[in-house]
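Right, one structure below, let's go through it.
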Amino acid sequence: MTAANGASTTSSPSSTTPSSSSTAKPTSILFVCLGNICRSPMAEGVFRHLLTSSPSHPPITRIDSCGTGAYHIGDPPDPRTMSVLEDHGITSYRHRARKLSRKDFDEFEWIMAMDEDNLDYLSRMRRKIVENKGMSEEEAERLGKVGLWGDFGGNPGEEVVDPYYGARDGFSIAYEQMVRFSRGFLRFLEERGEQGALDELNRS
Ligand code: 4NP
């Protein structure tokens with residue numbers, strides 16, 4: 001995972017979520033897959049839902065998802081994604097597919113890939129931005145951090161297999177993964193917030 005410090009946290013009404021913790025620094029997260037109709041909207045829907053029942057998470061100013069490909073721009077999530085979400089009580093999530101853009105690296109602190117191909121794409125794009133803009137190390141550190149979403153689930157390197165061409169079962173497996181990864185990420189943020197508060201105390 002590429003290490004970097006915070007990114008700007010521009011928010012829009014459709015992608016803003018309430019926050020509750022006072023100690024941790026605000027963050028923002030973008031979920032990325034290929035088509036932005038199966039896995040990344042599933043990740044977004046699950047993550048948004050879990051936030052409503054996770055009182056100690058730090059402020060999350062923006063949550064969104066997108067694809068590295070342009071095949072489905074403007075389309076709603078795959079009906080199998082929506083139906084698995086609905087099976088788990090997530091009924092209000094809405095999304096229209098969009099393609100990843102360079103400005104996402106300025107706007108999100110975390111840019112999380114569903115599989116290694118997506119991760120390669122993100123890493124290459126990030127590197128190109130740094131090179132093309134001739135960024136200093138400090139400037140580059142302010143760009144979004146790219147990583148594999150599955151690294152937060154307890155089994156480093158775990159990918160979310162693309163369920164698009166398979167049976168509905170693949171979507172149920174993806175759902176279970178998204179819950180596990182989201183919980184792991186929220187724990188990570190809480191610990192990071194606690195560590196930040198401890199650092200503050202130690203400094204005073
Ligand atoms: P996703 O799945 O990346 O999880 O949204 C896919 C959806 C559509 C296509 C590929 C993957 N497609 O080639 O159309």
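Order of listing sets the numbers, starting from 1, for every ligand and every atom in it.
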Worksheet item: Only one of I63, L122, L100 clears side-chain contact (heavy atoms from CB on, under 4.5 Å) with L30; which?
Response: L100
Discussion item. Side chain, backbone, both or neither: which applies to F171 and ligand 1 if a contact is any heavy-atom pair less than 4.0 Å apart?
Written reply: neither
Practice prompt. Just need the protein heavy atom nearest to atom 4 (O) of ligand 1, so name the residue and atom and give the distance.
Written response: R39 NE, 2.7 Å
Discussion item. Please check whether I37 reaches ligand 1 - meaning an N/O of the residue sits under 3.5 Å from an N/O of the ligand, judged on distance alone.
Written reply: yes
Item to complete: Could you list all the side chain to side chain donor-acceptor pair (under 3.5 Å) pairs where at least one residue sits in residues 128-138, not counting sequence neighbours?
Response: S136-E139
Worksheet item: Against heavy atoms of G35, which atoms of ligand 1 measure under 4.0 Å?
Response: 1 (P), 3 (O), 5 (O)
Worksheet item: Is it the side chain, the backbone, both or neither of M114 that has a heavy atom closer than 4.0 Å to ligand 1?
Response: neither
Practice prompt. State whether R192 and E109 are salt-bridged, where the test is any N-O pair (Lys NZ or Arg NE/NH1/NH2 against Asp/Glu carboxylate O) under 4.0 Å.
Written response: yes
Item to complete: Please examine the side chains of S83 and R168, heavy atoms only from C-beta on, and report whether any two atoms are closer than 4.5 Å.
Response: yes
Discussion item. Can you check which of T81, D162, D78, V160 brings a heavy atom nearest to atom 11 (C) of ligand 1?
Written reply: D162
Worksheet item: So, is N36 polar-close to ligand 1, with some N/O to N/O distance under 3.5 Å?
Response: yes
Worksheet entry | Heavy atom of M42, distance to ligand 1 below 4.0 Å | no
Practice prompt. Can you sort out which atoms of ligand 1 are near L34, meaning under 4.0 Å from one of its heavy atoms?
Written response: 3 (O), 10 (C), 11 (C)
Worksheet item: Counting heavy atoms not belonging to Y71, are there more than 12 under 6.0 Å from its OH?
Response: no
Practice prompt. Check whether the side chains of N36 and H95 place a donor and an acceptor atom closer than 3.5 Å, and report yes or no.
Written response: yes
Worksheet item: Are the charged groups of E191 and R187 less than 4.0 angstrom apart, N to O?
Response: no
Worksheet item: Who's the nearest protein heavy-atom neighbour of atom 13 (O) of ligand 1, and how far?
Response: Y165 OH, 3.3 Å
Worksheet, complete the sentence: of all protein heavy atoms, closest to atom 14 (O) of ligand 1 is H72 NE2, 2.8 Å
Discussion item. So, applying side-chain contact (heavy atoms from CB on, under 4.5 Å) with I111, which one of L143, L119, V32 is it?
Written reply: V32
Worksheet item: Under 3.5 Å between some N or O of ligand 1 and some N or O of C38?
Response: yes
